[in-house]
Amino acid sequence: MSRKKRFIRFIFLCIISIVIIIILIGNHKSVSYSGKKIDVQNNDKNNLNENSNQNSIEVEQDYNETDLSTDNREDDIDNDTENDTEDDIDTVLTVPVEEAYKKDDRKIAFLTFDDGPSKNTTEILKILDEENIKATFFVLGKLAKYNDETIKDIYNKNHKIGNHTYSHEYRKIYSSTDILLNEVNKTNEILKGILGDDFKSNLFRFPGGSFGENKSVYRQAIKNQGYKYVDWNALNKDSEGRNKTPNELLLNIKETTKNKKRVIILMHDSATKKNTVESLPMVIDYLKNEGYEFGVLD
């Protein structure tokens, strides 16, 4: 092989080597660049995860702040409720029993319900709430002990609670003053058991009323125990004779309250007095239209 040919071959090999080196260098840069690109993607993913975690923490913090805010709101609601209760107490027209029939120009209706509590008591309370009216409930011990939540409801809504004996059995309670007082004390203990030892009521209503000379000894016995007994001078007659319609009950209210300024109205909230519940909104509307305020006894 001539010298010239060897030189050409050498040059050719050098060119091929340079080309190969260039290719190898190019591939290395590509790999390095790709690796860098992958690292960037991983960093983005890490940053995304960190941002997600941070957002999650922020959301949790916001949620906790919301919880705290809600708790505060509940406290505000409780405070508002307490304030509302205080306002209710302040605005309730409370009249001592001895002044219930006071002679003046003020027209006051005292709604009273006997022989409960029962399921009808709950319905009556709803109506009274809607009308923003307070009433006086003369309860039986034998029913109170099985309807403690209703008793609490009456009390917490700032209605008045009076004692109506334990059994309401005429032959038993009017057989002696001792038996009557035992029933009154038994009912009082039941009410204290439901409402707490601080509960105290000096209101009492005789089953059948205190009317008649034959009850004079019982009236004196009740007074000696510190109770004020409460009768009535108007009624819907829901316990007399057959079951009356709501309209008939309303008519009886109209007749027995006529030309009277102060009226203590007798009604019943026992389990069979559904028509008393149905008539109550009409009774309230009538009394309002006649210019009556509503009060409770004390």
Side-chain angles (χ1 to χ4, degrees), residues 96-98 100-101 110-121 124 135-155 159-197 199-244 252 256 264-273 276 296-298:
V97 172
E98 54 270 20
Y101 299 126
F110 303 95
L111 304 182
T112 68
F113 297 91
D114 288 12
D115 298 356
S118 74
K119 58 185 180 181
N120 285 329
T121 310
I124 287 170
T136 306
F137 292 83
F138 291 94
V139 303
L140 297 175
K142 68 178 182 180
L143 296 179
K145 69 178 181 180
Y146 296 116
N147 294 277
D148 54 329
E149 291 303 319
T150 305
I151 292 293
K152 291 177 183 177
D153 207 15
I154 294 171
Y155 183 75
H159 301 283
K160 289 291 185 178
I161 297 176
N163 194 315
H164 198 42
T165 74
Y166 179 84
S167 69
H168 202 277
E169 296 176 11
Y170 285 38
R171 289 184 178 179
K172 181 178 180 181
I173 60 179
Y174 296 132
S175 63
S176 76
T177 55
D178 286 341
I179 291 177
L180 172 64
L181 294 178
N182 284 339
E183 289 223 357
V184 171
N185 292 333
K186 186 175 182 179
T187 297
N188 189 51
E189 289 304 310
I190 289 170
L191 292 174
K192 282 182 176 289
I194 296 170
L195 300 174
D197 290 335
F199 170 77
K200 183 178 180 180
S201 174
N202 61 349
L203 298 178
F204 177 74
R205 176 168 279 167
F206 286 96
S210 70
F211 314 107
E213 198 55 39
N214 62 326
K215 289 183 181 174
S216 60
V217 63
Y218 298 99
R219 291 194 294 268
Q220 190 59 51
I222 286 294
K223 289 170 68 175
N224 290 344
Q225 290 294 311
Y227 285 94
K228 301 176 182 179
Y229 59 87
V230 182
D231 288 314
W232 57 89
N233 65 340
L235 69 167
N236 66 356
K237 301 183 180 181
D238 59 357
S239 65
E240 299 180 14
R242 62 176 177 79
N243 192 28
K244 295 174 177 61
N252 290 330
T256 58
I264 299 178
I265 301 174
L266 170 65
M267 295 178 281
H268 294 81
D269 60 331
S270 53
T272 59
K273 305 304 179 185
T276 297
V296 293
L297 298 165
D298 190 24

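Under the 3.5 Å distance criterion, the side-chain polar atoms of T150 are left unmatched by any main-chain donor or acceptor of P117. Listed for the D153 side chain is no donor-acceptor partner under 3.5 Å among the backbone atoms of E149. Between the side chain of T112 and the backbone N or O of I265 there is at least one donor-acceptor pair closer than 3.5 Å. In this structure, K142 contributes its side chain and S167 its backbone to a donor-acceptor pair below 3.5 Å. Formation of a donor-acceptor pair under 3.5 Å by the N233 side chain with backbone atoms of I264 is found in this model. Of the possible donor and acceptor atoms, one in the side chain of K215 sits under 3.5 Å from a partner among the backbone N and O of G209. For N236 (side chain) and M267 (main-chain N/O), no donor-acceptor pair under 3.5 Å exists by modelled atom type. Using a distance-only test at 3.5 Å, with no hydrogens or angles considered, no donor-acceptor pair links the side chain of E183 to the main chain of T165.
Contact detail for I190 and A144: the closest heavy-atom pair is CG2-CB, 4.1 Å. Nearest heavy-atom pair, I173 versus P207, reported as atom, atom and distance to 0.1 Å: CD1-CG, 3.6 Å. Minimum heavy-atom separation, S118 to A271: OG-N, 3.5 Å. Between I222 and V184, the shortest heavy-atom distance links the atoms CD1-CG2, 4.1 Å. Summarising the geometry of S270 relative to N120, their closest heavy-atom pair is O-ND2, 2.8 Å, with the distance given to 0.1 Å. Contact record, V230 with V97: CG2-CG2, 3.8 Å, taken as the closest heavy-atom pair.
Note that the CG atom of L191 and the NZ atom of K186 stand 13.0 Å from one another [nearest 0.5 Å]. Annotation: the span from K228 atom NZ to E98 atom CD amounts to 4.0 Å, rounded to 0.5 Å. In this structure, CG in D115 is found 4.5 Å from NE2 in H268, a value given to the nearest 0.5 Å. Between N182 atom CG and N185 atom CG the span is 6.5 Å, to the nearest 0.5 Å. Note that CG of N252 is 11.5 Å distant from CG of L266, once rounded to the nearest 0.5 Å. Here the straight-line distance linking atom CG of N163 with atom OG1 of T187 works out to 4.5 Å at 0.5 Å rounding.
K145 and Y166 form a side-chain donor-acceptor contact under 3.5 Å, judged by distance and modelled atom types alone.
Using a 4.5 Å heavy-atom cutoff, the side chains of T177 and Q220 are not in contact. A 4.5 Å side-chain heavy-atom check between F137 and L111 finds every atom pair outside the cut-off.
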Going through the checks in order, is the side-chain contact (heavy atoms from CB on, under 4.5 Å) test met by L181 and Q225?
CA-CA 8 Å; L181 294 178; Q225 290 294 311; 3.5 Å; yes

Is there a side-chain contact (heavy atoms from CB on, under 4.5 Å) between V296 and H159? Walk through the geometry before answering.
CA-CA 7 Å; V296 293; H159 301 283; 5.7 Å; no

Report the C-alpha distance between L140 and H168 in whole Å, list the side-chain angles of each, state the deciding distance to 0.1 Å, and finish with yes or no for side-chain contact (heavy atoms from CB on, under 4.5 Å).
CA-CA 7 Å; L140 297 175; H168 202 277; 3.7 Å; yes

Does T136 form a side-chain contact (heavy atoms from CB on, under 4.5 Å) with L203? I'd like the steps, not just the answer.
CA-CA 9 Å; T136 306; L203 298 178; 4.0 Å; yes

For R205 and D114, run salt bridge (charged side-chain N to carboxylate O under 4.0 Å, His left out): C-alpha distance rounded to whole Å, both residues' side-chain angles, the deciding distance at 0.1 Å, then the answer.
CA-CA 9 Å; R205 176 168 279 167; D114 288 12; 2.8 Å; yes

So D298 and K160, salt bridge (charged side-chain N to carboxylate O under 4.0 Å, His left out) or not? Walk me through it.
CA-CA 8 Å; D298 190 24; K160 289 291 185 178; 3.7 Å; yes

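Taking the six-membered ring wherever Trp is involved, the centroid distance between the rings of W232 and F211 falls below 6.0 Å. In this structure, F113 has its ring center at least 6.0 angstrom away from the ring center of F138. Proximity of the aromatic rings of F206 and F204 is defined here by a centroid distance below 6.0 angstrom, and this criterion is met.
Between E189 and K192 there is no salt bridge, since no side-chain nitrogen of the basic residue lies less than 4.0 Å from a carboxylate oxygen of the acidic one.
The aromatic rings of Y174 and Y170 stand perpendicular to each other, their planes meeting at an angle above 60°, with 30° marking the opposite boundary.
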